[in-house]
Amino acid sequence: MQNRASHFIEPPDGLTVAQLSTLVRNWIMDGDLSNRSPKTLKARRDITGKLQWFLDRKNLDSCGVDELRGFFLYLQRGHLDPGGRWGNPRETNPLRPLSLKTYHAYLRSFFSFCLKEGRIDASPMERIPAIRDPGDEVQPFSDDEVEALLRAAEKTRQSARDASIILVAMDTGARASEICNLRYSDLDFDQRSLRIREGKGKKSRTIYLGKRATRALWKYVQQDGRDGDDPLFFSERGDHLTYSGLILLFRRLGKAAGVKNCHCHRARHYYAVSYLRAGGNQMALMRSMGHRSVAMTNRYVQMADSDLRAAQQQFSPADRLGGRGR
């Protein structure tokens with residue numbers, strides 16, 4: 001058993017366990033008052049709950065840099081414990097780098113809140129290195145992969161629905177949860193648009209469709225009719241398409257089409273990079289995708305710039321002159 005006396009009672013860059021518990025409640029309450037989404041609030045509760053579980057398991061009285069280092073080490077190795085991570089015998093697989101990055105982002109946000117509240121002098125998360133994963137970058141679909149997915153969708157039992165979902169995802173860059181929450185009243189055929197009522201941060205916006213996606217949606221909704229408040233996309237059981245149902249749909253279509261790592265977020269990347277390659281404006285893309293800061297959009301700008309640079313170097317007009325300009 002560790003010596004409790006060896007830990008600071010009130011470390012300059014950390015909190016006592018009692019202080020931590022109080023500030024966690026305040027942070028979640030602050031998120032609720034700030035109109036954060038239920039998904040965000042749940043993640044705040046889950047991640048801070050796991051941190052508190054770890055501190056109790058290790059018999060620690062405070063949470064600072066050293067304790068957080070131990071926590072992130074546990075996140076990476078806890079699945080090797082005899083009882084599994086979190087004492088759950090089913091938690092025996094390593095956490096994905098994306099999950100580790102999520103823990104890092106939320107705890108960084110929590111301790112920033114503590115700093116603003118004047119409860120700590122510095123955030124201990126500033127000394128916890130960001131999670132790196134060279135293979136974690138999500139790659140957009142290629143045009144060939146999109147066409148392969150559409151061909152696979154044409155062979156399913158709900159071909160009109162599945163093709164519509166693929167085209168809407170590729171045409172708008174909408175998030176998976178946003179696609180699932182769409183209602184028939186959000187669709188405007190005259191304007192070829194969809195209304196996102198509550199995107200991330202509960203912000204509304206309008207997204208626009210191309211002719212191909214509009215025709216696919218028209219064909220789909222004519223099959224069984226719609227009332228204004230009906231879901232735009234039904235599940236196979238006839239109720240609202242769920243997030244997990246959409247994830248499984250992409251997975252099945254990817255398997256049938258021979259497209260690896262097939263998920264909805266790759267469609268979001270496909271839309272963004274395609275938009276920029278076509279000369280789209282970065283600020284307009286930011287609004288279209290529902291980003292809260294330009295920094296989030298910059299990832300796509302860098303990806304598009306890399307592709308454009310390679311294309312220009314390979315197909316340079318001056319190089320094609322074949323020396324005639326000398």
Would you sort out whether L15 and S62 count as a side chain to side chain contact (heavy atoms under 4.5 Å, CB included), showing the intermediate values?
-> CA-CA 6 Å; L15 300 162; S62 64; over 6 Å; no
L217 and F233: side chain to side chain contact (heavy atoms under 4.5 Å, CB included), yes or no, with the steps?
-> CA-CA 10 Å; L217 279 171; F233 296 115; 3.9 Å; yes
Give the intermediate values and the outcome of side chain to side chain contact (heavy atoms under 4.5 Å, CB included) for residues V221 and F189.
-> CA-CA 11 Å; V221 299; F189 280 115; 4.0 Å; yes
Give the C-alpha distance, both sets of side-chain angles, the deciding distance and a yes or no for side chain to side chain contact (heavy atoms under 4.5 Å, CB included) between V17 and C63.
-> CA-CA 7 Å; V17 168; C63 182; 5.9 Å; no
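L107 contributes atom CG, which lies 5.5 Å from atom CE of M125 (distance to the nearest 0.5 angstrom). Note that CD of E154 and CG of L149 are 11.5 Å apart. Values are rounded to the nearest 0.5 Å. The CD1 atom of I196 sits 6.5 Å away from atom OG1 of T172, with the distance rounded to the nearest 0.5 Å. The distance from atom OG of S288 to atom CD1 of I207, rounded to the nearest 0.5 Å, is 7.0 Å. Atom SG of residue C114 and atom CD of residue Q19 lie 9.0 Å apart, to the nearest 0.5 angstrom. With values rounded to the nearest 0.5 angstrom, D239 atom CG is found 12.0 Å from D230 atom CG.
Under the 3.5 Å distance criterion, the side-chain polar atoms of D30 are left unmatched by any main-chain donor or acceptor of N26. Looking only at distances, no side-chain donor or acceptor of R36 sits under 3.5 Å from a matching main-chain atom of G31. Of the possible polar contacts, none joining the H269 side chain to the F141 backbone as a donor-acceptor pair under 3.5 Å is found. Between the side chain of R161 and the backbone N or O of F234, at least one donor-acceptor pair lies under 3.5 Å. Under the 3.5 Å distance criterion, the side-chain polar atoms of D171 are matched with a main-chain donor or acceptor of G210. Although no hydrogens or angles enter the test, the distance criterion places a donor-acceptor pair under 3.5 Å between the side chain of S274 and the main chain of Y270. A distance-only check finds no donor-acceptor pair linking the side chain of R183 to the backbone of L232 [under 3.5 Å]. Not one N or O on the side chain of S109 forms a donor-acceptor pair closer than 3.5 Å with the backbone of A105. Using modelled atom types, no side-chain atom of S159 and backbone atom of K155 make a donor-acceptor pair closer than 3.5 Å. Proximity of a side-chain donor or acceptor of S99 to a complementary backbone N or O of L95 within less than 3.5 Å is not detected.
Scanning both residues, M170 and V146, for their nearest heavy atoms gives SD-CG2, 3.8 Å. Nearest heavy-atom pair, R195 versus T206, reported as atom, atom and distance to 0.1 Å: NH1-OG1, 2.9 Å. When all heavy atoms of Q223 and A160 are compared, the pair lying nearest together is NE2-CB, 3.3 Å. Minimum interatomic distance between G290 and R175 (heavy atoms only, all atoms of both residues): O-NH2, 3.3 Å. Scanning all heavy atoms of the two residues, the minimum distance from I120 to L115 falls at O-CD1, 3.3 Å. The heavy-atom pair separating A153 from A163 by the smallest distance is CB-N, 3.8 Å.
A donor-acceptor pair shorter than 3.5 Å can be found between the side chains of T40 and S37. A donor-acceptor contact closer than 3.5 angstrom links the side chains of D162 and T156. Judged by distance alone, the side chains of S164 and R215 never bring a donor and an acceptor atom under 3.5 Å apart. Side-chain contact check for S21 and R25: at least one donor-acceptor pair (N or O, by modelled atom type) lies under 3.5 Å.
Checked for salt-bridge contact, E91 and R77 miss the test: no charged N lies under 4.0 Å from a carboxylate O. Between R57 and E67 there is no salt bridge, since no side-chain nitrogen of the basic residue lies less than 4.0 Å from a carboxylate oxygen of the acidic one. Remark: R266 engages E145 in a salt bridge, criterion side-chain N to carboxylate O under 4.0 Å. Remark: D186 engages R197 in a salt bridge, criterion side-chain N to carboxylate O under 4.0 Å. For E178 and R205, the salt-bridge test passes: some basic side-chain N is under 4.0 Å from an acidic carboxylate O. Using a 4.0 Å cut-off between charged nitrogen and carboxylate oxygen, K42 and D46 count as a salt-bridge pair.
Counting only heavy atoms from C-beta outward, the side chains of T16 and L20 never approach each other to under 4.5 Å. No side-chain heavy atom of L241 sits under 4.5 Å from any side-chain heavy atom of L182. Contact annotation: the side chain of D81 never approaches that of H79 to less than 4.5 Å [non-hydrogen atoms, C-beta and beyond]. When side chains are defined from C-beta on, E236 counts as touching R157, because their heavy atoms get closer than 4.5 Å. Contact of the W218 side chain with the T214 side chain is not registered, since no non-hydrogen atoms from C-beta on lie closer than 4.5 Å. Here the side chains of R251 and I247 are in contact, with some heavy-atom distance below 4.5 Å. Side-chain contact check for T48 versus Y106: every heavy-atom pair is 4.5 Å or farther apart. Residues F71 and L55 are not in side-chain contact: their nearest non-hydrogen atoms beyond the backbone lie 4.5 Å or more apart.
By the salt bridge (charged side-chain N to carboxylate O under 4.0 Å, His left out) test, R90 is found to be paired with no residue, residues two or more places apart in sequence or in another chain being considered.
Stacking of K50 on the aromatic ring of Y74 is not recorded, the 6.0 Å distance cut-off and the 45° axial limit not both being met.
Aromatic pair H104/F72: centroids less than 6.0 angstrom apart.
Between Y275 and Y271, the angle of the ring planes lies from 30° to 60°, which puts this pair in the tilted group. Using bins of under 30°, 30° to 60° and over 60° for the plane-to-plane angle, the ring pair W53/W86 lands in the perpendicular bin.
When hydrophobic clusters are built by joining Ile, Leu, Val, Met, Phe, Trp and Tyr residues whose side-chain heavy atoms come closer than 4.5 Å, directly or via intermediates, Y243 is not grouped with L246. Residues L41 and L23 do not share a hydrophobic cluster, defined by chaining ILVMFWY side chains whose heavy atoms lie under 4.5 Å apart.
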